[in-house]
Every structure is written in C-alpha cells, then in structure tokens.
Trainee: 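To start, I am sharing the structure in question, which I have written as structure tokens.
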Amino acid sequence: MKVMKKAIALLLLAVAAPFYVIASPEHAPVPAAQAALERAKALDTQKQPAEALAAFFQAIETDPDFLAAHDELEEAMSNWRVEAHSQKDPKLKSQAGEMRKAVDLKYKEWERRFPNSVGIPYGMGVQLAGRENPGARPYLLKAAARDPDNAKIYSMLSQDAARWGDKKASLEYIHKASQLDPKNPDYAFYYANDLKSADPSQGQAAMLDVAKRFPTSERGAQALYWLAFQAPDDAKRIAILEQLRQQFPPEKFNWSADGMSDLFDAYLRVDPRKAVKLAQEMQGDKGSEKGSEKISKEWAARADFAQTYIQVNQKVAAGKAEDAVALLDKLSANPRSSNAAMLVRLKAQVMIKAGQSQGAYASLLKQQARWPEDATRAALEVTGKQLNKTADQVRADLKGVLDAQASIAPPFNLQQYGSAGTVSLAKLRGKVVLLTFWFPGCGPCRAEFPHFEAVMQQFRQKDVVYLGINVLRDQDEYVLPFMAKTQYSFLPLKSTPDAKIVGKETADYKVRGEPTNFVIDPKGRIVYRDFTIEDADGESVVKHMIESVLNTSRGAGAEPGA
C-alpha cells in the first residue's frame, strides 16, 4: 500500500498550532538538564521514585525540548506501575497513582508555560500513548507537525491508529517512521508485519528483507519466526525455520530459540528422525550457556519423545500393537501443542490395533469435545463404526461429553456502546453466544477478530450472537470508532467492576488475559472456554464449536452444519 504523504501532511497541518518552533534533530540539551536527567536515572536505580521524579521535573523545566528526558520519565513511570502491580502492594500502587497524577498536572502546567515548545506536546503524547490513552492523538499530531522528522512520533501514531481501528493510517504512519529511520529494526519489522495484512506477497518480501538487513537484531529473527508461523504448510514452515536457525543462532536469539520448538513439532509430523536429530543438536548447542541446564534437559526430553514416537510407529508396523501401547504414556503432549490432536489420534490408532477400541473411542471423544477438528471427527466416526455405533449414536456420545463439561455461564447485564440499552445474557437463552473479552489496545485481539468475523459470516441466518466485552474502560473512546472503521459484527459491551466478570481467580469468568473466548450454548452453559485462534485452522475449529452447540440443542440426530 502506498503511503499518502500529502494526506498525512494535511492532517498534521490541520491540528498544528499557528506559530511554533521547529525542533532541530541535533538538539543539544542544556548541560544542567542533562545533569538533572542523569541524577533522576541514578535515583530511580536506587529505588527513590519521589526524588527521581523531582529530578525528572527539573530536567524538563530546564530544557522543555530535551526529548530524551520525556522518554526517560515515561519509562520510569511505566516501570513503577509494573512494579506496583507485580508486588500487589496497595501502598506502592497508591504511590504510583499519585505520581502519575503529579506528572499529568505538571504537563498541563508546562503546556501553559511553554506554548511553543516541541518537547511538551511530545512528552504529553509519549505519556498518554504509553497508557494507550485515546487522548494521545492530538498531542502526537501536534508534536509531528512541529518535529516532522521524528520517527518515534509516527511509530506512536501508528499504534494509536490501530486502536482506533484505522489500519490504513496505521500502516502509513509506521511506513513513515521506517523511512525516517531506516536503520531502526523495530520500525522496519512493524511496517513489514502490517504490510503483510494489506498485501501478503509484498509483506512477505518485506519480512524477508528485515531478516536480511538486520542480522544482529531480534527483529530480524522475529520476522522469520512469524513467516514460519503463518506458512501454509509444513514444507514451507520447515524451510523458513531452518533459515532462521542458520541465520540467527538459537543460542544467541530468543525468537530463534522459540522457533526451534516449532521446527521440532513440524519435523515430528513430517520426518520424526529429523526431530530426534534437531533435539540432540539443540541439546549440545545449549550445553555451555548460563542457565542452560534446564534448556538442555528440555531438549533431551524432546529427543526421547521423538524416539518413542518412532518406536511406537515401528512396533505398530511390525504388528506389535500391544508393545506399542506400553509406550503411549511417554507420548503425553501439552494440550496447547500443535501436535496434541495428532498424538491423540495416533494413540487411538494404536489402541484399536491392540484391541482397545473402547478406550480409543473415549480418548477421541474427549479430544473432539475440547478442540473439534475434522481429522479427529473422522477418526471418531471410523472408531464408532468399529464399535457398531451409528452416526447418531456417535453424535449422542459427543453431546454427553459436552454436557458433562458444560457449566452455567455467569450472568451479566451490560450496557452496549452507542446505545442506552443493555444486553442481558439471560435474555439470550435459546441462542448460541460467542463471547470474547478484549480491549482496543490488545494486538492479539485485533489479530483474532478477522478470523472470528469469517466464522460469523457463515452463521448470519442462524441463532448466534457475537459479543465483545471491553475490559479496559479507560479505552472507551476508542471503541465506537474502532467498530465503525473495522465493520466487525460483534456487539461491544461495557464491563463494570461490580459485575465481577473480568479479572483473575475471583472473577466469574476467570479471565487472566486478553483475548479470552467462550462459546455458550442455547441453555446458557459454557461449553468451550478459555481459547484463542490465530489462523484458518482456528476458524474451522470455532465453526465446529458453534455447530456442535447449535446441533445438540436441536437433537442428537441433526446433521453437522444443519
């Protein structure tokens, strides 16, 4: 997508002050301001936040256009918030809140005292953008108009535009940032990643270019990692991950180390002997590093796992299914692994050959009830036939497992954005509800929405309701523009503290992070919980989830998709 430089320039000029001073990219801070900043950073390191804050204020008042002081202040504020949250200390949390108020008041004061400054609107934009606050945009635009060559401003505008649902502007802003600072791997990566959504072929080329241009940066490794993750098949995925391994040694790059787990999983599906070899080599690669003993053990366990996988298949091929059954306990995978369903199906095949069809059938039922896939459903139906079960009986059995795992969905009655009315879960009885917990600043939420939308388009004439509860009310201002720009079909609802529907263990839905999704059946029961999706395969799974609860409400004999 081409960058509309003229449109951006006009937009910036429209909000710029009539008289301003253009900041020089080579702005040299006043020595006293630099000294105050160094003192503030030292005090922060010494865990003296109040004294550090006073020094930050002195640095900015001495030189309002000292942009690094604004950046360091926001970083310190962010660290203080994180520390207060992680320690769960009410006193620290209160202190961080009071300091935030003091910073906001100071910026309002500085805005009056230094009306032509470049740094003050920049600092206000940095502060608000750091909190994903909708009020950031006018300050960032003003800062960009006064300092049009500042790449960081355009990067923040890009992130802000994404929260407004404006993908086009987000892409244009991050492109601008990458042009202004072509040596910055962050800007290059995010531009390539965003471009991939707008134009897959150009985006893929841009991601490969990031890996080529930044061979010493984690962003270069990340570019290849995501290309592999989104590859259409295992052959392409393996090729990219092998490139990642060669170009970005796993012992030096975290994204490459993560990618090797995906490479192992892919090899296990395609060529298990290569999975063994990879695990053994990774075990050796990690052997000399600090803290690597745990990693080495993990890869040793993977090597044993792959060898067991090979042995199971060899014994089955040799007609020794009973011997293979004895090894199955060693093939337990993480339920969230990309190979989890494949391993359940393998175990079922082994058990059938060993004369344990009923146990195989039970394991396939459990897997299909947790994560419904076409391959597992096909294996379930074949196994059911071997047990002389009709298709209706198989569906009835699956319904029984779904009923057993279902629980009544906690009630809520929440106001809908853009409407004076409320949406009550109780009044949606008789309909299937796809429920997502999200907030506009949540990147994974925004990445997931197109997949959910593709699913919902298949149920437009069905009794299915799509709800999205915004868990961060500070971002309310983003919600309606986001819906208008994206045209997503979910009904956006406002969370309320007294509803107790969000939060951690004490909350009704036990939402620990966003996005978190649920499928609620026509009886008001949660049947599928705490899942996310990332691709077309995930779309298929959610489609089957909705179909299963639609069908079971109409009787066990209903056909899939009816």
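Residue numbers run from 1 in the order of the sequence given. Given the structure is predicted, the values throughout are model-derived calculations rather than measurements.
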Trainee: Decide whether N133 and Q475 meet the rule of one side-chain donor and one side-chain acceptor closer than 3.5 Å.
Mentor: no
Trainee: Check the angle between the aromatic planes of W255 and W226 and answer parallel, tilted or perpendicular using the 30° and 60° thresholds.
Mentor: tilted
Trainee: Please work out which of the three classes, parallel, tilted or perpendicular, describes the rings of Y488 and F490, given edges at 30° and 60°.
Mentor: parallel
Trainee: Decide, yes or no, whether a salt bridge links K176 with E172 under the criterion of side-chain N to carboxylate O below 4.0 Å.
Mentor: no
Trainee: Please tell me whether H70 and Y107 form a close aromatic pair, meaning their ring centres lie under 6.0 Å apart.
Mentor: yes
Trainee: Would you mind listing every salt bridge (Lys or Arg N to Asp or Glu O under 4.0 Å) that reaches into residues 92-102, with sequence neighbours excluded?
Mentor: E74-R100, E98-K101
Trainee: Mind checking whether Y509 and F437 have parallel, tilted or perpendicular rings, split at 30° and 60°?
Mentor: tilted
Trainee: Between H27 and D63, does the side chain to side chain donor-acceptor pair (under 3.5 Å) criterion hold? Intermediate values first, please.
Mentor: CA-CA 10 Å; H27 175 78; D63 186 352; 3.0 Å; yes
Trainee: Regarding D44 and K41, does a basic nitrogen lie under 4.0 Å from an acidic carboxylate oxygen?
Mentor: no
Trainee: Would you please classify the geometry between the H175 ring and the Y191 ring as parallel, tilted or perpendicular, with 30° and 60° separating the classes?
Mentor: parallel
Trainee: Using the test side-chain contact (heavy atoms from CB on, under 4.5 Å), find all partners of S197 that sit at least two apart in sequence or belong to another chain.
Mentor: none
Trainee: Who passes side-chain hydrogen bond (donor to acceptor under 3.5 Å, both in side chains) against Q87, sequence neighbours left out?
Mentor: E83
Trainee: Can you pull out every salt bridge (Lys or Arg N to Asp or Glu O under 4.0 Å) where at least one residue sits in residues 51-61? Sequence neighbours excluded, please.
Mentor: E61-K106, E61-R113
Trainee: Parallel, tilted or perpendicular for Y173 and Y154, by the 30°/60° rule?
Mentor: tilted
Trainee: Is the F452-W438 ring centre distance short of 6.0 angstrom?
Mentor: no
Trainee: Can a side-chain donor-acceptor contact be found between S256 and D258 if the only test is distance below 3.5 angstrom?
Mentor: no
Trainee: Can we call the ring centroids of Y528 and W371 under 6.0 Å apart?
Mentor: no
Trainee: Which salt bridge (Lys or Arg N to Asp or Glu O under 4.0 Å) pairs, counting each pair once, include a residue from residues 179-188, with sequence neighbours left out?
Mentor: D186-R219
Trainee: Around atom CG of D474, are there more than 12 heavy atoms from other residues, nucleotides or ligands closer than 6.0 Å?
Mentor: no
Trainee: Would you please name every residue forming a side-chain contact (heavy atoms from CB on, under 4.5 Å) with D71, sequence neighbours left out?
Mentor: Y122, V126, K152
Trainee: Please tell me whether R39 and Q58 have a donor and an acceptor in their side chains that are separated by less than 3.5 angstrom.
Mentor: yes
